[in-house]
Amino acid sequence: MQNQLEIVYARLLKAYGPQHWWPADDPFEVMVGAVLTQNTAWLNVEKAINSLKQSIDISAEAILALADDELAALIRPSGYFNIKTRRLKNLSQWFLDAGGFTELLGQDTGDLRETLLSINGIGPETADDILLYAFERPVFVIDLYTRRLFSRLGLVSGDEDYETLRHLFETAMPANVSIYNEYHALIVRHAKETCSKMGDCRHCWVESAGAEF
DNA sequence: TACCAGGAGAAAA
DNA sequence: TTTTCTCATGGT
């Protein structure tokens with residue numbers, strides 16, 4: 001398994017090059033983007049973030065200072081704007097209560113993950129996006145694209161629960177933040193390039209890599 | 001026109 | 001406890 005994951009990683013990196021994720025100015029903006037991108041195309045998230053930036057300097061304080069309907073109007077392009085308004089406020093309140101980024105940096109990864117998951121609106125994938133891309137912890141993000149790609153390659157069935165898959169990837173690959181960062185970004189890039197359809201993907205070159213395993 | 005997007009939580013079965 | 005429903009804009 002270890003070697004197979006490394007082969008796929010090498011092929012993706014060779015095909016697309018470094019993706020330089022996460023596209024954001026600072027760690028808190030990464031967290032905001034992680035919530036806004038839930039089941040949403042990044043193009044729409046960019047519109048929402050740009051819209052936010054035109055009204056406020058993105059910070060936990062500034063988000064909490066906005067009225068719910070004001071915040072919802074600003075993030076409207078990202079969809080689910082009423083739900084995401086609540087989620088952004090929950091996240092911001094937690095962030096302030098915890099003492100901000102510097103204070104949180106001192107926390108153990110497991111503890112930090114647990115408190116993130118306790119916030120209403122932060123599920124496993126969003127928590128792991130935040131841990132990897134904002135706090136730079138070696139946590140492998142499992143998303144729909146990851147399931148789809150590796151189940152096509154025959155390495156997983158695809159219906160495993162989140163923690164099972166995360167554990168599988170984290171034990172098969174060395175705990176390396178820059179590799180985990182790049183790997184997830186490359187999987188998303190590849191999905192956008194050639195695997196945009198949920199069904200068969202016969203033209204996808206990665207699928208043919210399965211023959212090498 | 002229909003489908004899907006860098007999910008999560010609540011409700012129903 | 002597992003499945004189903006809801007949230008919603010915007011691009012293809």
Side-chain angles (χ1 to χ4, degrees), chain A residues 8-9 12 16 18-24 27 29-52 54 68-94 113-135 137 139-152 157-166 169 177 179-201 203-204 206:
Chain A
V8 174
Y9 177 68
L12 288 169
Y16 303 117
Q19 301 299 301
H20 307 293
W21 272 30
W22 183 287
E29 192 183 314
V30 173
M31 301 188 210
V32 170
V35 169
L36 293 180
T37 198
Q38 290 171 350
N39 202 36
T40 301
W42 183 255
L43 191 64
N44 292 339
V45 176
E46 282 186 316
K47 294 177 192 297
I49 288 178
N50 289 334
S51 158
L52 261 181
Q54 286 185 352
D68 286 359
D69 58 338
E70 289 178 313
L71 180 54
L74 291 173
I75 64 171
R76 185 182 182 86
S78 73
Y80 308 117
F81 46 83
N82 289 315
I83 284 183
K84 286 174 178 175
T85 289
R86 272 184 267 129
R87 292 180 179 177
L88 285 180
K89 290 209 167 184
N90 292 341
L91 179 66
S92 298
Q93 190 63 59
W94 164 79
R113 188 168 196 273
E114 208 168 310
T115 69
L116 279 168
L117 289 174
S118 73
I119 303 168
N120 185 291
I122 308 295
E125 187 181 334
T126 307
D128 291 344
D129 274 337
I130 291 172
L131 287 168
L132 178 60
Y133 293 104
F135 289 92
R137 305 300 171 94
V139 172
F140 203 98
V141 179
I142 306 297
D143 66 347
L144 181 63
Y145 295 149
T146 309
R147 291 175 184 278
R148 198 160 78 196
L149 174 58
F150 291 98
S151 97
R152 278 175 179 159
S157 70
D159 59 354
E160 295 91 344
D161 63 53
Y162 188 96
E163 292 305 321
T164 301
L165 281 180
R166 186 169 71 89
F169 280 88
V177 172
I179 290 178
Y180 285 10
N181 175 321
E182 204 58 65
Y183 210 150
H184 177 62
L186 284 165
I187 289 169
V188 174
R189 170 70 186 276
H190 177 254
K192 288 181 182 171
E193 290 288 331
T194 80
C195 295
S196 58
K197 294 197 174 96
M198 287 299 291
D200 253 355
C201 186
H203 61 288
C204 171
V206 171

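Residues satisfying the side chain to side chain contact (heavy atoms under 4.5 Å, CB included) criterion with Ala72(A), sequence neighbours excluded, are Phe81(A), Asn82(A), Thr85(A). With sequence neighbours excluded, the residues satisfying side chain to side chain contact (heavy atoms under 4.5 Å, CB included) with Arg189(A) are Tyr16(A), Gln19(A), Glu193(A). Considering only residues two or more places apart in sequence or on other chains, Lys47(A) meets the salt bridge (charged side-chain N to carboxylate O under 4.0 Å, His left out) condition with none of them. Applying the ring-ring contact (aromatic ring centres under 6.0 Å, His included) criterion to Tyr9(A), with sequence neighbours excluded, gives Tyr183(A). For Trp42(A), the ring-ring contact (aromatic ring centres under 6.0 Å, His included) partners two or more places apart in sequence, or in a different chain, are Trp22(A). Residues forming a salt bridge (charged side-chain N to carboxylate O under 4.0 Å, His left out) with Asp69(A) (at least two apart in sequence, or on another chain): none.
Note on residues 29-42 of chain A: pairs passing salt bridge (charged side-chain N to carboxylate O under 4.0 Å, His left out), not counting sequence neighbours, are Glu29(A)-Lys53(A). Sorted by first and then second residue, the side-chain hydrogen bond (donor to acceptor under 3.5 Å, both in side chains) pairs with a member in residues 117-126 of chain A read Gln38(A)-Thr126(A); sequence neighbours excluded.
Looking at heavy-atom distances under 4.0 Å, Ile187(A) makes no contact with the nucleic acid at all.
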- Each base of DNA chain C marked ( ) or [ ] if paired in-strand (Watson-Crick or G-U under 3.5 Å), | if paired to another strand and . if unpaired gives |||||||.||||
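A heavy atom closer than 4.0 Å to some atom of DNA chain B occurs in Thr37(A), Gln38(A), Asn39(A), Thr40(A), Ala41(A), Trp42(A), these being the qualifying members of residues 34-49 of chain A. Sorted by residue number, the members of residues 77-88 of chain A with any non-hydrogen atom under 4.0 Å from DNA chain C read Pro77(A), Gly79(A), Tyr80(A), Phe81(A), Asn82(A), Ile83(A).
Bounding nucleotides for the chain A contact on DNA chain C, 5' to 3', at a heavy-atom distance below 4.0 Å, are dC7(C) to dG11(C).
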